[in-house]
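Data first, discussion second: the structure below is written as structure tokens.
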Amino acid sequence: MISITLPDGSIKQFDQKPSGMDVALSISQGLARDCVAMELDGRLVDLGQIIEKNAAVRLITTKSPEALEIMRHSAAHVMAQAIMDIYPDAKLTIGPVIENGFYYDVDMQPVSEEAFSKIEAQMKKIVKAKVPIKRRRVSKNEAMEFYRDEPYKLEMISALEDASISFYEQGNFTDLCRGPHVPHTGFVKAFKLMKVSGAYWRADQSNAQLQRIYGTAFFDKKQLKSYLHFLEEARKRNHRKIGKALDLYSFHDEAPGMAFFHPKGMAIWNELLDYWRKEHRDAGYVETKTPIMMQRFLWERSGHWENYRENMYISSIDEHDYAIKPMNCPGGMLLYGRKHHSYRDLPIRAGEVGLVHRHELSGVLNGLFRVRAFHQDDAHIFMTPDQIQDEILGVLKLVERIYGTFGLGFSLELSTRPEKSIGTDEQWEIATQGLESALKQYGKDYKLNEGDGAFYGPKIDAHIKDALGRTWQCGTVQLDMALPERFDLSYIGQNNEKHRPIMIHRVIYGSIERFFGILVEHFAGKFPLWLAPVQVGILPINDELAPLAQNLAQDLQRAGLRTETDHRSESLNKKVREAQLNKIPLILTYGNKEKESGTVSVRTLDGNVKHGIPVPDFIKEVQANIKERKLEMDLFSR
RNA sequence: GCCGACGUAGCUCAGCAGGUAGAGCAGCUGAUUCGUAAUCAGCAGGCCAGCGGUUCGAAUCCGCUCGUCGGCUCCA
């Protein structure tokens, strides 16, 4: 007699050792059809597994959060089977589940996406046949024998410590796998192959290059469709596309990975920085600027020459080596070190919007997201050990304020001491404690990444979440125990003795270029008024009114608004259409009515039009919205 | 850097069994003077990324270079 405890606490009795499927069937047929696996005493296993003793069982249905991963893993097997059917000489390696699907790395001749339809067709056949997926345990020796011609599988097996190993079989296809898997291939209903790329065996460039084929899968077609729709939406928002369409920035072969900002892009850029400066002034920061090119001996002292030279642009001038800065910190150290500091001066919060250059690999460049030249909204804070908590807290609050202005949510992660690190235990203890207690005091949940800190200190990262729910690591607060040492920084303490200051680097936008790109995608080009490159578009209804419209434009410009007048001899319809496509938040049409009454008619991007707003009222409301940097356009709602 | 795809007018793209480049939009000119998402007509615009090769002939085929995009972190 076997007793199975279900999640609701009820107990089912079985005369014979049941499988998960038997448990499901004992509840209902429908449930059994919908089950993909079970959790047996806290472990995810196949539904077909026989339960040997009394146990707690939770059935995993297609609606359970774990189900998708299990099914996607099975989908990877279905894809592998299809590939083997079509390319019998291919050698399989690994095929894990990833965030939005799965992939399989296969040693085979390079394939392109053209092969997808063939592979997908074969997969469909396998899915349609609802081939049972069966688990089989074999000894290590048996497994080695089975895979004698499969070098990758052999390598994996020999690395396994378990004495016996599990195989999964579906029809003529067998794969080494830990499982669990869905009961049969019919569960892989809605799938699509997404892309293919090269990847190295064990991610090591000296190993063979494999074909990595990516796919995604869902339990029903509707979910797959909505995922594809999401991708489409993201594609439409692509900042490279929008940046071109709205004339914000461009890239040129003459300077790969380095953005050129156009007048309209600069309008946004300057707003971002004006805002940044205001917030930092209010938070007690001063601003500095250090050269972008400095002599080799500085970089030797900071350690960059030894550890970061690969990524640095280096030049020789008058027979001396110079490097273009990849980071702002060494310059900041020189500024701190140029005079004596008293404990009374601390904390010193020195901001620097510094232009840095890093020679990233050509293949990783990606619009504004990954560039070789970018500005960091850096700041270095120098302080005494007992100021750590307050200072970190101050940064976290600033982070919250600034992201909030853009309507961006965020989450925090704390990374602690890695294996390879400098500094004493005590220093790490004080530093990590400081970050932790600041986080506690701040009160927001955070994720702990043990051992993920930099070798020179622990850090807190801020990940923002954009309008599509995608996350981006932007802000970071890093404690640095190396640089104050290397530059022999000090302050005179209360006891009249020299002490080493604690130093943090922190950024909030991170890379301004990248943050810019994120904002473009976050807002899909429809910037809030304060950021919009053209805030007001003026459309005279006919050519005769154009000069008067120009006067109106001047009045608005004097009031500090960025305006653009469309005085072409085009139809009003066309001007409206283009203004909408250019995402101008306030579109004013100017005709005889407006001329006579001294009012404006305002069209907003949602297509709503309000007539008869007196020009002074318009200016006042718009200025207020801009001044408060509002996200919403709640103008003229009276 | 590596693998794959790609590079044609300012933009979006067609042309690619090798026969000497085309559309729409934007621009310019003219007509139209318009009340909230494309008025009409005409004109102009390209060393087909660059270099080399194959060929009687190359945007088209081949090689190299440059650049762009998707990957190269997810460990049975």
Side-chain angles (χ1 to χ4, degrees), chain A residues 69 73 76-77 80 92-105 109-115 143 147 150 152-162 165-168 174-179 181 194-214 235 238 240-241 244-245 247 250-257 310 359-367 370 537 539-546 568-582 587-594 601-605 607-611:
Chain A
E69 280 198 19
H73 199 175
H77 279 217
L92 297 177
T93 69
I94 58 168
V97 171
I98 54 173
E99 201 181 331
N100 290 307
F102 58 89
Y103 67 77
Y104 216 112
D105 279 351
Q109 79 265 31
V111 293
S112 72
E113 296 186 8
E114 281 160 35
Y147 276 133
E150 298 276 341
Y152 302 102
K153 295 292 183 186
L154 280 179
E155 192 181 322
M156 284 185 275
I157 294 166
S158 38
L160 292 176
E161 307 206 335
D162 328 20
I165 282 163
S166 60
F167 276 169
Y168 276 84
T174 301
D175 198 7
L176 170 71
C177 187
R178 182 168 41 202
H181 280 279
M194 304 300 291
K195 55 201 169 202
V196 58
S197 79
Y200 295 100
W201 171 238
R202 300 285 186 207
D204 183 344
Q205 293 204 7
S206 58
N207 285 335
Q209 173 113 31
L210 312 170
Q211 298 299 307
R212 175 167 297 179
I213 302 178
Y214 290 86
R235 200 183 60 76
N238 188 303
R240 287 172 297 220
K241 221 173 130 125
K244 207 184 261 182
D247 198 13
S250 53
F251 289 88
H252 301 263
D253 291 359
E254 286 78 356
E310 296 276 280
H359 187 261
E360 304 287 355
L361 292 178
S362 58
V364 306
L365 301 179
N366 177 353
R370 194 76 182 269
L539 317 184
I541 263 170
N542 60 44
D543 290 354
E544 269 152 51
L545 289 165
R568 295 173 305 169
S569 304
E570 294 289 354
S571 68
L572 183 65
N573 278 339
K574 182 160 185 171
K575 293 182 185 181
V576 167
R577 175 182 148 84
E578 286 186 16
Q580 289 260 154
L581 291 175
N582 287 326
I587 301 167
L588 306 188
T589 44
Y590 190 78
N592 282 316
K593 269 186 243 163
E594 288 75 19
S601 295
V602 186
R603 180 183 169 115
T604 41
L605 284 180
N608 285 326
V609 184
K610 294 228 164 61
H611 296 281

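Proteins come first, then strands; the chains are lettered A, B, ... in the order of their sequence lines, and each starts at number 1. None of the values given here were measured: they were computed from a predicted structure.
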Take atom CD of A:Glu544 as the centre, draw a 6.0 Å sphere, and report whether it contains more than 12 heavy atoms from other residues, nucleotides or ligands. no
Polar pair under 3.5 Å, donor/acceptor by atom type, side chain A:Arg212, base B:C3: no
Per atom distances to the A:Arg178 side chain, the nearest of B:A76, B:G70, B:G1 is B:A76
Nearest heavy atom decides the nucleotide; on that basis, is A:Glu360 or A:Leu545 closer to the 5' end of RNA chain B? A:Glu360
Think A:Lys195 has a side-chain N or O under 4.0 angstrom from the OP1 or OP2 of B:G71? yes
Are A:Lys610 and B:G35 close enough that a side-chain N or O sits under 4.0 Å from OP1 or OP2? no
By the definition side chain to side chain donor-acceptor pair (under 3.5 Å), identify the one residue from A:Lys241, A:Arg235, A:Arg240 that meets it with A:Asn238. A:Arg240
Taking protein heavy atoms under 4.0 Å as touching, what does nucleotides 42-48 of chain B look like 5' to 3' if B marks base contact, S marks sugar-phosphate-only contact and - marks none? -------
Closest approach to the side chain of A:Val576, judged atom by atom: which nucleotide of B:A37, B:U12, B:G1 is it? B:A37
Which nucleotide, B:A76, B:G71, B:G35, lies nearest any side-chain atom of A:Met156? B:A76
Base of B:A37 paired with side chain of A:Arg603 (donor-acceptor, under 3.5 Å): yes
Can a donor-acceptor pair under 3.5 Å be found between the side-chain atoms of A:Glu594 and the base atoms of B:G35? yes
Whole-Å distance separating the CG atom of A:Asn100 from the C1' atom of B:G71: 15 Å
Residue A:Asn366, side-chain heavy atoms: nucleotide from B:A37, B:U33, B:C69 that is nearest: B:C69
With a 4.0 Å cut-off on heavy atoms, is A:Glu544 in touch with a base, just the backbone sugar-phosphate, or nothing at all? nothing
Nearest-neighbour nucleotide for the A:Leu361 side chain, B:U32, B:U68, B:G1 considered: B:G1
From the options B:A37, B:C34, B:G27, select the nucleotide whose nearest atom is closest to the side chain of A:Arg568. B:G27
Sugar-phosphate only, base, or nothing, as touched by A:Arg240 at under 4.0 Å among non-hydrogen atoms: sugar-phosphate
Do you know the tightest heavy-atom contact between A:Lys575 and A:Glu570? CE-O, 3.6 Å
Mind checking A:Gly101 for me? I need base, sugar-phosphate or nothing, with any heavy atom below 4.0 Å counting as a touch. nothing
Check every strand shown and say whether A:Leu581 touches a base, only sugar-phosphate, or nothing at a heavy-atom separation below 4.0 Å. base
Options B:A38, B:C3, B:C74, nucleotide nearest the side-chain atoms of A:Asn573: B:A38
Is A:Gly367 touching bases, backbone alone, or none of the nucleic acid, heavy atoms closer than 4.0 Å? sugar-phosphate
